[in-house]
Amino acid sequence: MTILFIGLGAMGEPMARNLARTADVLLYDVNVEAATRLAQDIGVSAIDSLDVLPDSVDTVVLMVPNSRIVESLLVEDTKLLNKLPAGSLIIDMSSSEPGSTAELAKRASRRSMAYIDAPVSGGVAKAKTGELAVMVGATPEALRRARPILDAVAGSVHHVGGPGAGDAAKALNNLLSATNIAAAAEILTAAARFGIAPETMLGVINASTGRSQATEVKYPAFVLSGSFASGFGMDLMLKDLAIAKSLTSGAGLDTPVTDAAGVIANAAREFAGSPPDHTEIVRYYENANDVLVRA
């Protein structure tokens with residue numbers, strides 16, 4: 001079995017490295033030079049086109065920015081669903097739209113292929129250590145087949161339902177994450193106005209009930225330092241928030257707190273100008289309140 005790994009960006013590159021330690025991996029990225037360099041570095045092969053696949057490929061892992069690219073690869077421009085043999089396994093580890101994923105899973109099934117959505121959480125740091133959290137939407141049999149691949153990049157695997165459910169869980173998780181980042185920015189600006197240094201207030205929060213992954217990891221590493229370089233772009237966060245909003249709206253749910261987080265994130269993106277890291281939502285609060293949330 002050869003695994004074709006597509007998408008070698010900030011997350012895909014370390015994931016491919018970890019997977020190559022336990023499996024036969026073939027690399028592809030639109031940046032052909034990046035794929036070639038990585039392949040040479042980790043001792044695997046890369047291809048510069050998806051026009052013709054090697055006969056050995058029967059599994060594809062996708063780690064690309066959005067559903068539009070997934071659709072282009074599988075059914076439109078590249079038409080991988082037509083090129084893979086019956087019985088193949090497709091694992092979409094991108095953060096995709098649940099509706100698109102469910103439709104692609106149906107198409108794959110009609111060609112006797114297994115399809116799972118397995119988006120990840122944990123950022124670049126966890127991608128490097130192979131400790132990502134993976135949210136899986138799949139049949140039990142498809143998950144059984146995919147499990148060795150997922151275990152090579154993950155610290156935990158959560159089977160949340162059928163095709164599309166993994167993408168839904170990822171979007172909702174990222175909605176809560178964005179809410180936590182925004183809420184912490186409000187608290188730290190308020191603390192600064194009371195003369196409490198951001199690093200001091202953050203220490204209080206992380207020893208108390210207000211702590212979150214944002215305050216424990218993102219703020220110390222990327223905000224207080226002023227680096228704003230977590231490796232996860234704000235545009236990707238906004239994509240996930242839009243998916244989550246479509247889910248909650250489609251279900252007729254009233255979600256004022258998380259809706260407000262989406263409004264703030266969009267305002268922060270407009271303020272930032274050039275594509276920012278998602279942690280730069282804090283800069284928006286700094287500017288609005290004329291307070292620095294940095295050590």
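Side chains included, hydrogens not; waters and symmetry mates left out as well; all remaining heavy atoms used. Predicted model, so just to flag it, every value in this text is computed and none were measured.
Legend: residues meeting side chain to side chain contact (heavy atoms under 4.5 Å, CB included) with Glu270, ordered by chain and number and at least two apart, are absent. Taking the side chain to side chain contact (heavy atoms under 4.5 Å, CB included) definition, one finds that Asp254 meets it with Pro256, sequence neighbours left out. Checked against side chain to side chain donor-acceptor pair (under 3.5 Å), Glu131 has the following partners two or more places apart in sequence or in another chain: Thr129. A search for side chain to side chain contact (heavy atoms under 4.5 Å, CB included) contacts involving Leu292 returns Glu286, Arg294, not counting sequence neighbours. Not counting sequence neighbours, Arg110 has no partner by the side chain to side chain donor-acceptor pair (under 3.5 Å) test. In terms of the side chain to side chain contact (heavy atoms under 4.5 Å, CB included) criterion, residue partners of Pro275 (sequence neighbours excluded) are, by chain and number, Asp235, Arg269.
When atom types are taken as modelled, the side chain of Asp58 and the backbone of Pro85 share no donor-acceptor pair closer than 3.5 angstrom. Looking only at distances, a side-chain donor or acceptor of Lys239 sits under 3.5 Å from a matching main-chain atom of Pro65.
The side chain to side chain donor-acceptor pair (under 3.5 Å) analysis of residues 144-166, with sequence neighbours excluded, yields the pairs Glu141-Arg144, Arg147-Asp151, Ser156-His158. Screening residues 4-17 for salt bridge (charged side-chain N to carboxylate O under 4.0 Å, His left out) gives Glu13-Arg17, Arg17-Asp41 as the qualifying pairs, with residues at least two apart or on separate chains. Screening residues 192-241 for ring pair (Phe, Tyr, Trp, His ring centres under 6.0 Å) gives Phe232-His278 as the qualifying pairs, with residues at least two apart or on separate chains.
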Problem set entry | Criterion side chain to side chain contact (heavy atoms under 4.5 Å, CB included) on Asn266 and Ile264, from CA distance to verdict | CA-CA 5 Å; Asn266 277 285; Ile264 293 162; over 6 Å; no

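Heavy-atom neighbours of Lys83 NZ from other residues, nucleotides or ligands within 6.0 Å: above the threshold of 12. A 6.0 Å sphere centred on CG of Asn82 holds more than 12 heavy atoms belonging to other residues, nucleotides or ligands.
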Cut-off 3.5 Å, no hydrogens considered: what does the side-chain donor-acceptor table look like for residues 116-124, sequence neighbours left out?
from, atom 1, to, atom 2, distance (Å)
Asp117, OD1, Gly164, N, 2.8
Asp117, OD2, Gly164, N, 3.3
Asp117, OD2, Gly166, N, 2.9
Asp117, OD2, Asp167, N, 2.9

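Following chains of ILVMFWY side-chain contacts shorter than 4.5 Å, one cannot reach Met93 starting from Met135, and the two form parts of different hydrophobic clusters.
With side-chain heavy atoms closer than 4.5 Å counting as contact, directly or through intermediates, the hydrophobic cluster containing Tyr28 also holds Leu4, Ile6, Leu26, Val30, Ile47, Leu50, Leu53, Val57, Val60, Leu62, Val64, Ile69, Val70, Leu73, Leu74, Val75, Leu80, Leu81, Leu84, Ile90, Leu104, Met113, Tyr115. Residue Val32 shares its hydrophobic cluster (ILVMFWY side chains chained together at separations under 4.5 Å) with no other residue.
Note that CD1 of Ile42 and CG of Leu27 are 5.0 Å apart. Values are rounded to the nearest 0.5 Å.
Counting only N and O atoms by type, the side chains of Lys218 and Ser177 include a donor and acceptor under 3.5 Å apart.
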